[in-house]
Amino acid sequence: MSGLSALIVGCGDVGGRLACQLLAKGWQVSGLRRSVGQLPAGVAPIAADLSDPSIPQAWPQHSPDYLVYCVAASQHDEAGYQAAYVDGLRHVLAWLALRGQRPRRLLFVSSSSVFAQKDGQWVDESAATEPEGYSGKVMLQAERVALASGIPASVVRLTGIYGPGREWLLSQVRQGYRVVEQPPLYGNRIHAEDAASLMAFLLQADADGVALDDCYIGVDDDPAPLAEVVGWLRAYLGVTQWSDEQRVRRTGSKRCSNARARALGWVPEYPSYKEGYAAILAGQR
């Protein structure tokens with residue numbers, strides 16, 4: 001047993017995968033979410049709604065060694081993002097203060113939407129953050145709350161998460177949607193299992209005394225043009241028809257680098273969309 005403990009706030013798809021990976025390493029894990037019946041086995045349940053400022057009844061008596069804030073907005077507009085990422089985080093920090101608790105580190109799960117680059121350029125953690133949409137602006141605000149919390153903090157900016165149950169692109173390809181080929185629209189992905197493994201890796205590294213940076217990008221090794229991904233999936237699925245009017249739309253085009261995380265020793269299990277989607281499709285069979 002490692003004797004280490006983590007509290008995962010927002011223990012849903014990625015948070016639940018993280019919980020399972022930490023449990024396998026011998027950590028004690030608490031998971032906070034609205035409906036605790038869906039928590040993985042072995043996770044201590046904390047039922048709470050982050051929009052409610054009162055401390056949850058099941059809040060742990062002892063400070064967790066690590067706090068992971070890994071929520072997903074239930075409402076996809078500016079108010080929903082503000083409630084989930086900024087107000088919810090402030091509530092959790094207030095609950096820690098109320099109990100006199102101070103984790104060794106806070107891991108705040110953010111998004112690559114804080115980057116506005118759209119000309120296919122490479123982006124790393126030092127790149128300018130000048131988001132244009134509300135999602136990136138609110139995320140940046142929430143990152144600042146985390147970094148100013150008085151707890152040592154690291155931000156993990158995840159790119160497009162895909163995996164079992166996150167199959168929007170697959171459904172688009174099966175329907176024969178087209179995608180613009182020129183100019184190439186670069187997209188960035190990370191398999192949900194790799195998103196969790198990056199966080200587990202960072203927590204364990206911190207516990208082992210490795211000095212962490214305040215920001216990491218969570219992405220696979222291969223930011224690829226969307227047309228290439230769609231072409232590969234069409235061939236893999238045997239889709240031969242094209243839809244007349246529909247096309248896969250996306251905004252922006254940038255290539256995010258995982259060099260900083262890899263320099264620490266993290267290695268994605270699914271280094272590109274090919275391994276990731278092949279695994280999803282094998283699972284569906």
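We use all heavy atoms of the structure for the numbers below, so side chains are in, but hydrogens, waters and symmetry mates are not.
Residues satisfying the side chain to side chain donor-acceptor pair (under 3.5 Å) test with Ser149, not counting sequence neighbours, are none. Partners of Phe115 by ring-ring contact (aromatic ring centres under 6.0 Å, His included), not counting sequence neighbours: none found. Under the rule for a ring-ring contact (aromatic ring centres under 6.0 Å, His included), the partners of Phe108 that lie at least two apart in sequence or sit in another chain are Tyr69. Under the side chain to side chain donor-acceptor pair (under 3.5 Å) criterion, Asp220 pairs with no residue, sequence neighbours left out. For the salt bridge (charged side-chain N to carboxylate O under 4.0 Å, His left out) test, no residue two or more places apart in sequence or in another chain qualifies with Glu130. For Arg144, the salt bridge (charged side-chain N to carboxylate O under 4.0 Å, His left out) criterion is met by no residue, not counting sequence neighbours. In this view, Ala227 and Val179, Glu181 satisfy the side-chain contact (heavy atoms from CB on, under 4.5 Å) rule, not counting sequence neighbours.
Side-chain contact between Pro60 and Ile46 is present, with heavy atoms from C-beta onward closer than 4.5 Å. Looking at Leu93 and Val145, their side chains come closer than 4.5 Å, going by heavy atoms from C-beta outward. Looking at Asn188 and Lys254, their side chains come closer than 4.5 Å, going by heavy atoms from C-beta outward. Between Pro103 and Ser63 there is a side-chain heavy-atom pair separated by less than 4.5 Å. Side-chain contact check for Lys274 versus Asp222: every heavy-atom pair is 4.5 Å or farther apart. A 4.5 Å side-chain heavy-atom check between Gln82 and Tyr134 finds every atom pair outside the cut-off. You'll find the side chain of Arg262 reaches within 4.5 Å of the side chain of Asp221, heavy atoms only.
Side-chain atoms of Arg255 and Gln121 include no donor-acceptor pair closer than 3.5 Å.
Screening residues 193-215 for side chain to side chain donor-acceptor pair (under 3.5 Å), with sequence neighbours left out, gives Arg17-Glu193, Gln21-Glu193, Trp27-Gln204, Tyr66-Asp206, Arg105-Asp206, Ser197-Trp266, Gln204-Asp208. Applying the salt bridge (charged side-chain N to carboxylate O under 4.0 Å, His left out) test to residues at least two apart or on different chains, the pairs with a partner in residues 35-59 are Arg34-Asp49. Counting only residues at least two apart or on different chains, the salt bridge (charged side-chain N to carboxylate O under 4.0 Å, His left out) pairs with a member in residues 145-157 are Glu143-Arg157. Applying the side chain to side chain donor-acceptor pair (under 3.5 Å) test to pairs two or more places apart or on separate chains, those with a residue in residues 84-103 are Trp59-Gln101. Pairs engaging residues 72-82 under the salt bridge (charged side-chain N to carboxylate O under 4.0 Å, His left out) rule: none recorded [sequence neighbours left out].
No path of Ile, Leu, Val, Met, Phe, Trp and Tyr side chains, each step under 4.5 Å between heavy atoms, connects Tyr177 with Trp242, placing them in separate hydrophobic clusters.
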Check the pair Leu7 / Ser30 against side-chain contact (heavy atoms from CB on, under 4.5 Å), numbers first and verdict last.
CA-CA 5 Å; Leu7 167 53; Ser30 303; 3.8 Å; yes

Could you check Leu237 against Leu281 for side-chain contact (heavy atoms from CB on, under 4.5 Å), going step by step and ending with a plain yes or no?
CA-CA 9 Å; Leu237 293 166; Leu281 294 164; 3.7 Å; yes

Which is it for Leu67 and Ile8 under the side-chain contact (heavy atoms from CB on, under 4.5 Å) test, yes or no, and what are the steps along the way?
CA-CA 6 Å; Leu67 175 69; Ile8 302 171; over 6 Å; no

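For the pairing with Leu203, the side-chain contact (heavy atoms from CB on, under 4.5 Å) check across Leu4, Val68, Asp65, Leu212 returns one residue only, Val68.
Remark: Arg189 fails to qualify as a cation-pi partner of Tyr162 under the 6.0 Å distance and 45° angle criteria applied to the six-membered ring.
Checked for salt-bridge contact, Asp13 and Arg166 meet the test: a charged N lies under 4.0 Å from a carboxylate O.
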